[in-house]
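Naming: A, B, ... by sequence-line order, numbering from 1 per chain.
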Protein chains: 2
Amino acid sequence: MTPDRPYHHGNLRQAVLEQATPVVRDRGASELSLRELAAAVGVSHAAVRRHFPDRRQLHDALAVEGFALLGTRLRDAVDAAPDYRAQIHSLARAYLDFVTSEANLAELMFAHKHGEGGEAVSAAAEAAFAPMLLVFERGLADELEDTSPQRTALIFFATLQGLAGLVNCGMITADQLGGLIEEAVAQFPQGRVGR
Amino acid sequence: MTPDRPYHHGNLRQAVLEQATPVVRDRGASELSLRELAAAVGVSHAAVRRHFPDRRQLHDALAVEGFALLGTRLRDAVDAAPDYRAQIHSLARAYLDFVTSEANLAELMFAHKHGEGGEAVSAAAEAAFAPMLLVFERGLADELEDTSPQRTALIFFATLQGLAGLVNCGMITADQLGGLIEEAVAQFPQGRVGR
DNA sequence: ACCTGAACACCGTTCAAGT
DNA sequence: ACCTGAACACCGTTCAAGT
């Protein structure tokens with residue numbers, strides 16, 4: 001209805017994000033250029049700076065999107081598994097699949113220093129990991145051990161994150177990952193719960 | 001003996017590295033500028049480009065230095081502990097101390113994609129982790145389990161790396177780290193060895 | 001072999017001015 | 001409120017020329 005190129009773009013913020021998404025996925029966050037994005041959506045470079053005053057704010061917005069995507073993946077992983085044990089396996093596979101297939105996006109998501117004015121990012125991250133925490137809370141509810149579900153979830157997550165880092169920096173291949181996941185998961189709380 | 005500023009610097013490569021070290025430690029690898037470093041050592045920007053044709057080569061050289069430092073820390077940690085169990089604890093603390101106190105350097109070291117022309121970096125990394133691998137090989141030598149020391153060492157390392165990432169991106173504080181290390185280490189092979 | 005200086009294309013950032 | 005265009009300081013990169 002409106003002319004092909006009205007003075008006001010109307011949805012510039014969203015357009016920039018959509019333009020940025022494939023760039024960060026294929027070329028990495030460091031290759032993001034506000035000027036290049038502006039040119040790509042056909043607007044002056046100063047215009048996009050109104051929505052994203054600097055690169056950090058753009059990174060934050062992309063990180064929030066990334067965590068939203070990760071959250072749905074983890075939730076689906078939990079829903080698809082019948083019991084606690086299977087859910088842990090399912091979570092591990094889903095998480096590593098995300099982090100390795102979207103390596104550049106994941107790097108952007110975790111490179112960000114939380115708590116430096118990026119409350120939105122922190123909140124998005126917390127929401128994304130909620131399904132994982134929930135699994136451990138349910139699975140370890142009948143435990144009287146001195147360990148808390150939060151701590152177990154944190155270590156579980158750290159292990160996955162570490163394995164993902166190893167494959168992303170080339171120290172191990174994606175092939176080896178499956179076996180390592182099995183072995184890593186085997187060390188986890190079920191050892192205590194089941195015994 | 002030579003004049004104060006001879007035409008040939010004589011040790012330009014080393015001088016640039018020494019100039020770069022505090023920059024990456026205090027401000028991060030992304031703040032490294034070949035031009036700024038050249039100005040700091042008092043040489044034209046094109047001169048340093050003869051030793052480091054691009055930023056990546058400078059990063060590689062700094063990563064090699066970083067892995068050398070990490071290697072000595074890990075070796076010292078092993079030497080200072082009496083037995084297998086204590087060595088694992090000592091390694092975990094030493095590694096996390098390094099990665100959190102030298103967060104920017106560690107980020108540079110692991111951001112690098114191994115095997116993309118950076119064989120020197122890969123070799124330095126392998127040498128740095130040799131002490132860790134050795135501990136598991138000795139500690140698990142009498143094991144007949146289906147797990148290999150390499151795999152255990154890899155998962156152990158991944159867990160540490162993951163925990164370091166959590167503190168560096170602000171998801172947990174350095175205070176919580178001690179307890180998490182204890183709990184994480186407790187899950188490791190001694191559970192199998194000791195039983 | 002090693003270094004200089006000028007040039008090029010790019011970037012983020014700022015700002016007065018337009019609609 | 002949103003966008004433009006010019007300007008500034010910085011960057012990596014290339015290259016002919018100097019010692």
Student: Is the closest basic N to carboxylate O distance between B:R27 and B:E36 below 4.0 Å?
Tutor: yes
Student: How many Å lie between CD on B:E36 and P on D:dC11, as a whole number?
Tutor: 6 Å
Student: Looking at D:dT4, C:dA7, C:dT4, which one has an atom nearest to any side-chain atom of A:V43?
Tutor: D:dT4
Student: Could you grab the distance from atom CG of A:L166 to atom CD of A:Q161, nearest 0.5 Å is fine?
Tutor: 11.0 Å
Student: With a 3.5 Å cut-off and just heavy-atom distances, do the side chain of A:R35 and the base of C:dT13 make a donor-acceptor pair?
Tutor: yes
Student: Parallel, tilted or perpendicular for B:F157 and B:Y95, by the 30°/60° rule?
Tutor: perpendicular
Student: In residues 17-24 of chain A, what residues come within less than 4.0 Å of DNA chain C, judged by heavy atoms?
Tutor: none
Student: Pairing of DNA chain D as dot-bracket, 5' to 3': ( ) intra-strand, [ ] crossing, | other strand, . unpaired, with Watson-Crick or G-U pairs under 3.5 Å?
Tutor: ||.|||||...|||||.||
Student: Rounded to the nearest Å, what distance is computed from the NE2 atom of residue B:H51 to the C1' atom of nucleotide D:dG12?
Tutor: 18 Å
Student: Which listed nucleotide (C:dT14, C:dC11, D:dT14) is nearest to the side chain of A:R49?
Tutor: C:dT14
Student: Taking the side chain of B:A46 as heavy atoms from C-beta outward, which of D:dG12, D:dT14, C:dC3 is closest to it?
Tutor: D:dT14
Student: From B:E137 CD over to B:T152 OG1, what is the distance, rounded to the nearest 0.5 angstrom?
Tutor: 10.5 Å
Student: Select one nucleotide: of C:dT13, D:dG12, D:dC2, the one nearest the side-chain heavy atoms of A:L34.
Tutor: C:dT13
